[in-house]
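Counting convention: from 1, in listed order, for ligands and their atoms alike.
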Amino acid sequence: MLDDLFSPPAAGIARVALPVPVDQLFDYAIPPAQAAEVGVGQRVRVPFETRILTGVIIELAAQPSRDARGRLRSIERVVDSEPVLPASLITILREEARAVLCPLGIALAAAIPAGSAPRTLRGAGLTPRGRDALRLGAAAGDALRVLQLLEDGPLAPQTLRRRAGAAAAALPLLEKDRLVAPVFLERGPRVRAARVRVATVRRGVRIEASCDGELKRAPRQAALLRELAVSGSLATAVLAKRFKGAAGLLRSLERRGLVSVETRPAPLPGSGELGGEEVASLTLTEEQRIACGEIGSAVTGRRAETFLLHGVTGSGKTEVYLRAVADSLRIGRQALVLVPEITLTHQILGRLRARFGDRLAVLHSGLRPSERLAQWERLRRGRTPIAVGARSALFAPIEELGVIVIDEEHDTAYKNQEGFRYHAHSLALRRARAASCPLVLGSATPALETRYAAERSQLRRLSLPNRIGGRPLPSVELVDLARERALLPRGRKLILSSLLLRGMRETLSEKGQCILFLNRRGFSTQIICFDCHHVERCKHCDIALTYHASEDRLRCHYCDFQTPPPEICPSCGARETSLLGVGTERLEEEVRSHFPDARIARLDRDTAARRGTTVAILRDLRAGNLDVLVGTQMVAKGHDFPGVRLVGVVNADLGLHFPDFRASERTFQLLTQVAGRAGRGGRPGRVIVQSFSPDHYAIRPVLDHDYESFYAEEMTHRSSLGYPPFGRLAQVVVSGTEEGEVREAAAQLARASQSCDGCEVLGPAPAPIARLRGRHRFQLLIKGSDRAAVWQTARSMATASEELSASIRVRVDVNPVDML
Ligand code: ADP
Ligand code: ZN
């Protein structure tokens, strides 16, 4: 009998994931009083070292794990009454976190909307000694003032300082004398879901009969009811603007049972109050019909199949997505549509809205936290069937998924670049499997990995090879800059060729708009021959070498191969090599000098940093208030500008020289995408691409929008060097303020992992960005054909990094997509 009393309850221990950089779960005792409240997936507040943290319960257990015994602490408080994320989603996050070597607690923190958990502040409160001192009148002056302020309860430090003024200086001494002690103060969540109150005409109410009947003597109520009947329901805030005393009128109508008023999570501004389905009246093309049939049958058959919808810009992919979403809704399930960056891709959002109205929740990083939370609540329990958003929309609490769509699937924005380094593909695949629903990846230029997966029958490729209505693809013209340059006086930089200048002049005289595009990410460290534009590359890695001015050497950022810069160009024998450097600013100047009367704007990282500027510039462009837009790759993203008739690519080669094995792929994708932008408004578009290497396999096929020939060529390169999709990669970046210490730490990690078979470790080498915000950066690359070996080696480095000094930071990126 006594034994029973002393044995722990069935599940006395909660295993909690905490947002700390240690890859394990932490055990906490569940206080008996809370045993009935806790469950897997709920958040709890727990003591950790000297802080109180919010974690998520991942498992319940009867006994603590061995290393937790003896110093077991208890849960302070249970935050949620139900799981914060669906159990299936937690399982998926757990798998993905493991795959990318991220502690689960950090992954979960990324998945849960910021600010939605309660906070704990450290405050100050009276001790019993302090109370005695007050009661006995033992304190005076500043000390007395502070004690009095705390008499009614503990206060947060800021509050105390504000109220006590200069007297707050007495606090340390009071703490030392143990009259005052630190206490934890619980505060509610910083963020609450934005809400609206919505009035709705009750079902079955006959408007005219009511107005002529019971409301005969209440004309203002009748007027409001009629107004409401037009749309069925309206926000009370809207009604308040239209009717004086709306609140009172609504209360009366509610009392009569004609109208109901309820609080709902707020839809986003501009999403419209009511959703009416715009019935799709398009007749599908034969190819669209096949694609819709295949995807539709997977949706209704609830099969977790993956499709690649491969179609040139304007081939009608979006229409196929919309039908897949409709199919999913028809069988009572939800749908998730991912776009690379929602603030830059209004187009698909607009079309979803036109077709599905406010049955749409929108999720992206531009939302205020309260708006984001409101969108989540709308999705939870299926109240809103469709979610559209950037990659983080994959965390949305959608339980009845019927289809997932990833538009522009090749976009690098689908990989999260910090903290939880998940890839949207991988997470989407896991969600689709768990929900037993299809995943649709759409692109005009699929990622090589995706196209290769289709080749190996891991996914179904559905092809839309033609533009809708036989509209021609924009014509692309290539300018050979080398040839053109030969005609110029020596030493003068060639920025705009005569063909491009002529094209611009013609376009502007016909009141058309031009976009000039400079694919450049602030790199001026590649040695490029001024005459033939030859770039020195690493013999082992086929990566453009980077010039390090301080040592006057060229270095490979993958394997650290080094060589002095050539005195004469190895390709053409010219004596003059030079750092290439034309930035967007210089380009803008050049355009102004040629077209002094044109309205010109520039869009790059600098201008984009100013909030709202990007949107304003794009709006101006669409409204026809701009003649020429000069910009970086930002302008290539899925915009639709009917007035743009000429797109000029100033130097197509620049992207080829990034120290990244995907440089060719990115270049081809970007150029193709840019080419697809021109002439969407009915008139034929013109694209002029300037290049020093017009015959490069990543540039030539852009002429014919020929993905397949690029793909074939690029695959032979990848295969010969063992890069993905043939091999696997992981990148480890080590950084710190002392260069020597960082290099040594990187070498130590390399040694820690040397025993692994099936992969090799390249480096340490300086990272492509060798210094960033005062920190030196070195990188190691793990490369191999065996994915398990690469993962294992990366993991051993991650583990070894926990032993390094605290001043060294280590970032492990499994399957990196951006090698900077
Ligand atoms: P993508 O997404 O591949 O760029 P869209 O879906 O935007 O292509 O289609 C391009 C244009 O063609 C859009 O204006 C769209 O409304 C229209 N469209 C799509 N499918 C059809 C169709 N079957 N018949 C007529 N017009 C269509
Ligand atoms: Zn190399």
Please confirm whether [X] approaches ligand 1 to less than 4.0 Å, judged on its heavy atoms.
X	result
Val312	yes
Arg351	yes
Gly311	no

Which pairs, with at least one residue in residues 372-407 and sequence neighbours excluded, count as a ring-ring contact (aromatic ring centres under 6.0 Å, His included)?
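Pairs touching residues 372-407 that pass the test: Phe395-Tyr422.
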Proximity winner for atom 26 (N) of ligand 1, if only heavy atoms of Thr318, Leu284, Ile468 are counted
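Shortest heavy-atom distance from atom 26 (N) of ligand 1: Ile468.
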Which atoms from ligand 1 have a heavy atom of [X] less than 4.0 Å away?
X	answer
Thr283	22 (C), 23 (N), 24 (N)
Thr313	4 (O)
Thr285	23 (N)

Relative to each other, are the rings of Tyr697 and Phe710 parallel, tilted or perpendicular (30° and 60° limits)?
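Parallel, since the angle between the ring planes stays under 30°.
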Given Leu646, which of Glu510, Gln513, Arg686 fulfils the side chain to side chain contact (heavy atoms under 4.5 Å, CB included) condition?
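Output: one option passes, namely Arg686.
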What I'd like to find out is whether the side chain of Thr412 reaches to under 4.5 Å of the side chain of Arg666, using heavy atoms alone.
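Thr412 reaches Arg666 side chain to side chain.
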Close side-chain approach of Leu329 and Val325, heavy atoms under 4.5 Å:
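A side-chain contact exists here, since the closest heavy-atom pair is under 4.5 Å.
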Polar contact flag for Gly314 and ligand 1 (N/O pairs, less than 3.5 Å):
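Yes, since at least one N or O of Gly314 sits under 3.5 Å from an N or O of ligand 1.
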Scan side-chain atoms only and decide if His410 and Ser443 contain a donor-acceptor pair under the 3.5 Å cut-off.
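Yes, a side-chain donor-acceptor pair sits under 3.5 Å.
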